[in-house]
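One structure is given here, and the rest of the page talks about it.
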Amino acid sequence: MTTTDVPSAAATSPVLVERRGTTAILTLNRPAAMNALSVELVAALDQTIRDLRGAGNVRALIITGAGSKSFCAGADLKERRAMSLADTRRFLNALGAAVDGVAAFPAPVIAAINGAAFGGGFELALACDIRLGADNAQLGLVEVRLGIIPGAGGTQRLARVAGVAVAKELILTGRRIDAVQARALGIIASVHPAADLLGAALAVAAEVAAGGPLAVAQAKRAIDGGLALPLDAALALERSCYEVVLTSEDREEGLAAFVEKRPPVFQGK
């Protein structure tokens, strides 16, 4: 494990962070509970995302789950049963804020889905920019089978990722799908043997990190921001994002490196 500028967590922490150069690996760490989203884990996830964002030198973030069976099985239903309605509303607000924080992270976020991703766990994965799945992964927004609905962005993000028809079919039935089916539906980018998943995610992170960090961040901003806009407004947003990189030092470095036939050394400026 490399040294991190984010405070190291003890092995018992619900969220662990490892740094490998400019890539951060965030691990949901409740393997005995299938990495379920407890109040403590959600608070730790939210704070960790804030800390990593504040660090300012993360070019790619990988989110995965501890153990070999689960990425995140969703809300901790044993804990949820003891909550009052007011407690539940507070939890949903906190979970939504944490998931939104992942979606808004300035660098690309890669979900390495190493097993079950149900309910809020699937919603967390949907908030990531790129999703890779282990060959044993199972995914589902199963909330209707519990008499509720997805409440951390699932109804909206799944429709944007896979289309309205797919979102309605999966959400209204509460159906679970495997990694191969998720790949066919465009929900995950690729499927890997479980033992190779983290390596595959690190390889994608390395590809991301090879690009100009300012350019990568602005490209992500243009894609995400344009989704909810009419085409003319979305194109205007793209142009405004281009303006940010047009006068950057990274652009000059990229052009110089091309002419000099060498790898560019980007500074994010």
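Between the R59 side chain and the T23 main chain, no donor and acceptor come within less than 3.5 Å of each other. Checked by atom type and distance alone, the side chain of N93 never pairs as donor or acceptor with a backbone atom of R90 at under 3.5 Å. When atom types are taken as modelled, the side chain of N29 and the backbone of L16 share no donor-acceptor pair closer than 3.5 angstrom. Of the possible polar contacts, one joining the E79 side chain to the V39 backbone as a donor-acceptor pair under 3.5 Å is found. Here the side chain of R160 pairs a donor or acceptor atom with the backbone of Q156 at under 3.5 angstrom. Put simply, the side chain of R157 never gets that close to the backbone of A127: no donor and acceptor are under 3.5 Å apart.
Two different hydrophobic clusters hold L198 and F71 under the rule that ILVMFWY side chains link at heavy-atom gaps under 4.5 Å. Hydrophobic clustering keeps V204 apart from V102 (ILVMFWY residues linked when any side-chain heavy atoms are closer than 4.5 Å, directly or through intermediates). Both L132 and L202 are members of a single hydrophobic cluster when ILVMFWY side chains are connected at heavy-atom separations under 4.5 Å. Under the 4.5 Å side-chain heavy-atom criterion for Ile, Leu, Val, Met, Phe, Trp and Tyr, I62 and L41 are members of distinct hydrophobic clusters.
Contact of the L92 side chain with the T88 side chain is registered, since non-hydrogen atoms from C-beta on lie closer than 4.5 Å. You'll find the side chain of D250 reaches within 4.5 Å of the side chain of Q267, heavy atoms only. Within the 4.5 Å cutoff, the side chain of R251 has no heavy atoms near those of the V245 side chain. Residues T155 and I171 meet the side-chain proximity criterion, which asks for heavy atoms closer than 4.5 Å. The closest side-chain heavy-atom distance from P31 to N35 is below 4.5 Å. Between D76 and R30 the shortest side-chain heavy-atom distance falls below 4.5 Å. The closest side-chain heavy-atom distance from K220 to V216 is not below 4.5 Å.
Clustering of Ile, Leu, Val, Met, Phe, Trp and Tyr side chains at separations under 4.5 Å leaves I149 isolated, with no partner residue. Clustering of Ile, Leu, Val, Met, Phe, Trp and Tyr side chains at separations under 4.5 Å leaves V144 isolated, with no partner residue. Apart from L146 itself, the hydrophobic cluster it occupies contains L77, I148, where clustering links Ile, Leu, Val, Met, Phe, Trp and Tyr at side-chain heavy-atom distances under 4.5 Å. Other residues sharing a hydrophobic cluster with L237 under the 4.5 Å side-chain heavy-atom criterion for ILVMFWY residues are L229.
Distance check: F91 CZ to S84 OG gives 13.0 Å after rounding to the nearest 0.5 Å. Rounded to the nearest 0.5 Å, atoms SG (C72) and CD1 (I63) are 10.5 Å apart. One finds the CG atom of D129 at 8.0 Å from the CD1 atom of I223 (value rounded to the nearest 0.5 Å). Atoms OG and CG, from S240 and L246 in turn, are 12.0 Å apart once rounded to the nearest 0.5 Å. To the nearest 0.5 Å, the span separating OG on S13 from CG on L28 amounts to 10.5 Å.
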Let me check something: any side-chain donor-acceptor pairs from residues 103-124 under 3.5 Å, sequence neighbours excluded? List them with distances.
from: N114; atom 1: OD1; to: T64; atom 2: OG1; distance (Å): 3.3
from: N114; atom 1: OD1; to: G65; atom 2: N; distance (Å): 3.1
from: N114; atom 1: ND2; to: G65; atom 2: O; distance (Å): 2.9
from: N114; atom 1: ND2; to: G67; atom 2: O; distance (Å): 3.0
from: N114; atom 1: ND2; to: S70; atom 2: O; distance (Å): 3.4
from: E123; atom 1: OE2; to: G151; atom 2: N; distance (Å): 3.3
from: E123; atom 1: OE2; to: A152; atom 2: N; distance (Å): 2.8
from: E123; atom 1: OE2; to: G153; atom 2: N; distance (Å): 3.3
from: E123; atom 1: OE2; to: G154; atom 2: N; distance (Å): 2.8

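For residues 172-182, the set of pairs meeting the side-chain hydrogen bond (donor to acceptor under 3.5 Å, both in side chains) definition, not counting sequence neighbours, comprises E169-R175.
Remark: R81 CZ is loosely packed, at most 12 non-hydrogen atoms of other residues, nucleotides or ligands lying under 6.0 Å away. Within 6.0 Å of the CD atom in E40, the count of heavy atoms belonging to other residues, nucleotides or ligands does not exceed 12. By the neighbour-count criterion of 12 heavy atoms within 6.0 Å, atom CG of L85 is sparsely surrounded, having that number or fewer from other residues, nucleotides or ligands.
R50 and Q47 share no side-chain donor-acceptor pair at under 3.5 Å. T48 and D51 are not linked by any side-chain donor-acceptor pair at a separation below 3.5 angstrom, with hydrogens and angles left out of the test.
A salt bridge is absent between K269 and E252; no separation between the charged side-chain nitrogens and carboxylate oxygens falls under 4.0 Å.
Shown are V17, L26, I25; of these, the side chain to side chain contact (heavy atoms under 4.5 Å, CB included) with L61 is made only by L26.
The shortest heavy-atom contact between D135 and V191 is CA-CG1, 3.7 Å.
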